[in-house]
Amino acid sequence: MEILLNPGPVNLSERVRKALLKPDLCHREAEFTALQNGIRKKLLQVYGLSEEEWAVVLLTGSGTSAMEAMLISLVPEDGKVLILENGVYGERLRRIADIHHIDHLSQHHQWLEVIDITELESNLSAGITHVAIVHHETTSGRLNDLASIAGVCQSKNIPLLVDAVSSFGAEEIRFSDWNMAACAATANKCLHGVPGTSFVMVRRDAMGYPHSRQRSLYLDLDTYLKQQDAGGTPFTQSVQDFYALDEALSEHSDAGGWRQRRSHYREKMKIIREGLQALGIKPLLRDTQVSSVLNAFHLPEGTDYKTLHDGLKQRGFVIYAGQGELARTIFRVSVMGAITVNDIERFLTAIKETL
Ligand SMILES: *Cc1c(COP(=O)(O)O)cnc(C)c1O
């Protein structure tokens, strides 16, 4: 089996793969309600959130559908969102705001830059009601400093809308301390489920904004929340995918939760950083700036991405290209999914052979 070192979809464990074979199920039956309720509970438990204060909305769609649902459902018509951008996904948040004519201000940074806190402070005075930010910017592997950003926003009582698609389940997320109104995430990254299901975690009191206009039929969180709270679903969900997510969440919890997942990722990433360093391959960012989930590396002198990718693929490993301009200069390696330290060691051997 190919080892996927791309940032999702991930290699499945046998336990999760087998869950896909559970019985066919109608989404209007009691068994589906039990499955959906179970997943919503388990997702709250990942970060120890209370059911009174927080809710989960499950969506059938990739991570971007959760990002879009979050922005269009939580920023009211008379609201204004400040979007902090230092990569592809921050820019995607702005595209969503543009498309839906959501009033917004963009604080734009280059892809390798840190989000400027002084600039953030001054931007917050422009009638801002929400701040949208990507937690782990998968473009570069940078883990944005949510604690500092949240601190500044909280002093002005402005809630955060967080794209946690590539961090949920493996990085620290302090929902209350960081004054979060919502975060968007997906089944098939750090939770090790199957692609096709994503979700938004929302603070229940953040949902109460009066909507003079519903912005989408399919991605309106309010519609989902009401029906999911009542045990139903407005539309057909990807049932088999739910089976897999339910199993992946049990597996996540059995293994020790997000802290354990993070230490396992860190262990694997350390081997990769050290192994590549020994081959003269340098990381894009310092180890204090990166996530445990994915790191980016400079392509070795005289090797283009395609050569490296194809050589590794022949040997059973799939790496990931840089986006935009970075496609010519970097490659990315993720350690999500059911991959072992031994797989990582074999990967380093494969890189040596390829070079
Ligand atoms: C993967 C990812 C997404 C969602 O991408 P999809 O292809 O829609 O699943 C969103 N944000 C970040 C930070 C991601 O890494």
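Whatever order the structure lists ligands and atoms in, that order sets their numbers, starting from 1. Residue numbers start at 1 and run along the sequence shown.
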Q: Can you find a non-hydrogen atom of Val134 under 4.0 Å from ligand 1?
A: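 For ligand 1, residue contact (heavy atoms, under 4.0 Å) with Val134 is present.
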
Q: Taking 4.0 angstrom as the limit and counting only heavy atoms of His136, give me the atoms of ligand 1 inside it, by number and element.
A: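 Under 4.0 Å from His136, ligand 1 has these atoms: 13 (C).
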
Q: Can you check which of Thr64, Leu294, Asn6 brings a heavy atom nearest to atom 5 (O) of ligand 1?
A: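 Closest candidate by heavy-atom distance is Thr64.
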
Q: Please determine if Glu85 and Arg94 form a salt bridge, counting it only when a charged side-chain N lies under 4.0 Å from a carboxylate O.
A: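 Yes, charged N to carboxylate O under 4.0 Å.
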
Q: How close does the nearest protein non-hydrogen atom get to atom 13 (C) of ligand 1, and which residue and atom is it?
A: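 Atom 13 (C) of ligand 1 sits closest to the protein heavy atom Thr138 OG1, 3.3 Å.
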
Q: In the protein, which heavy atom is nearest to atom 11 (N) of ligand 1, and how far is it?
A: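 So the nearest neighbour among protein heavy atoms is Asp163 OD2, 2.7 Å.
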
Q: Look up atom NE2 in His136 and atom OG in Ser166, then write down how far apart they are to the nearest 0.5 Å.
A: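 Answer rounded to 0.5 Å: 4.5 Å.
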
Q: Are Gln289 and Leu143 side-chain neighbours, meaning at least one heavy-atom pair lies under 4.5 Å?
A: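 Side-chain contact under 4.5 Å: no.
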
Q: Closest non-hydrogen protein atom to atom 9 (O) of ligand 1, residue and atom name please, with distance?
A: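 Scanning the protein heavy atoms, the shortest distance from atom 9 (O) of ligand 1 goes to Gly63 N, 3.0 Å.
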
Q: What is the nearest protein non-hydrogen atom to atom 14 (C) of ligand 1, stated with its residue, atom name and distance?
A: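 Scanning the protein heavy atoms, the shortest distance from atom 14 (C) of ligand 1 goes to Lys189 NZ, 3.0 Å.
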
Q: As an exercise, identify every atom of ligand 1 less than 4.0 angstrom from a heavy atom of Met67.
A: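 Those of ligand 1 that fall under 4.0 Å from Met67 are 10 (C), 11 (N).
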
Q: Taking the inter-plane angle between the rings of Tyr224 and Tyr218 on a 0 to 90° scale, is it parallel (under 30°), tilted (30 to 60°) or perpendicular (over 60°)?
A: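 Perpendicular.
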
Q: Answer yes when Arg15 and Glu247 have at least one side-chain N-carboxylate O distance shorter than 4.0 Å, and no when they do not.
A: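 Yes.
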
Q: Can you pull out the closest protein heavy atom to atom 7 (O) of ligand 1? Residue, atom name and distance to 0.1 Å, please.
A: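 Result for atom 7 (O) of ligand 1: Ser62 OG, 4.0 Å.
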
Q: Parallel, tilted or perpendicular, judged at 30° and 60°: which one describes the rings of Phe175 and Trp54?
A: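 The rings of Phe175 and Trp54 stand perpendicular, inter-plane angle above 60°.
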
Q: Give the atoms of ligand 1, by number and element, whose distance to some non-hydrogen atom of Ser166 is under 4.0 Å.
A: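 The atoms of ligand 1 under 4.0 Å from a heavy atom of Ser166 are 13 (C), 15 (O).
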
Q: With side chain to side chain donor-acceptor pair (under 3.5 Å) as the test, would you mind laying out the steps for Lys42 and Ser253 before giving the verdict?
A: CA-CA 9 Å; Lys42 287 177 188 176; Ser253 153; over 6 Å; no

Q: Counting each atom of ligand 1 from 1 as listed, which ones have a heavy atom of Arg92 under 4.0 Å away?
A: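 Matching atoms, with element in brackets: 5 (O).
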
Q: Please tell me whether Phe331 and Phe297 form a close aromatic pair, meaning their ring centres lie under 6.0 Å apart.
A: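 When the ring centroids of Phe331 and Phe297 are compared, they turn out to be within the sub-6.0 Å range.
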
Q: Considering only heavy atoms, does His135 approach ligand 1 within less than 4.0 Å through its side chain, its backbone, both, or neither?
A: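 It is neither part, as no heavy atom is under 4.0 Å.
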
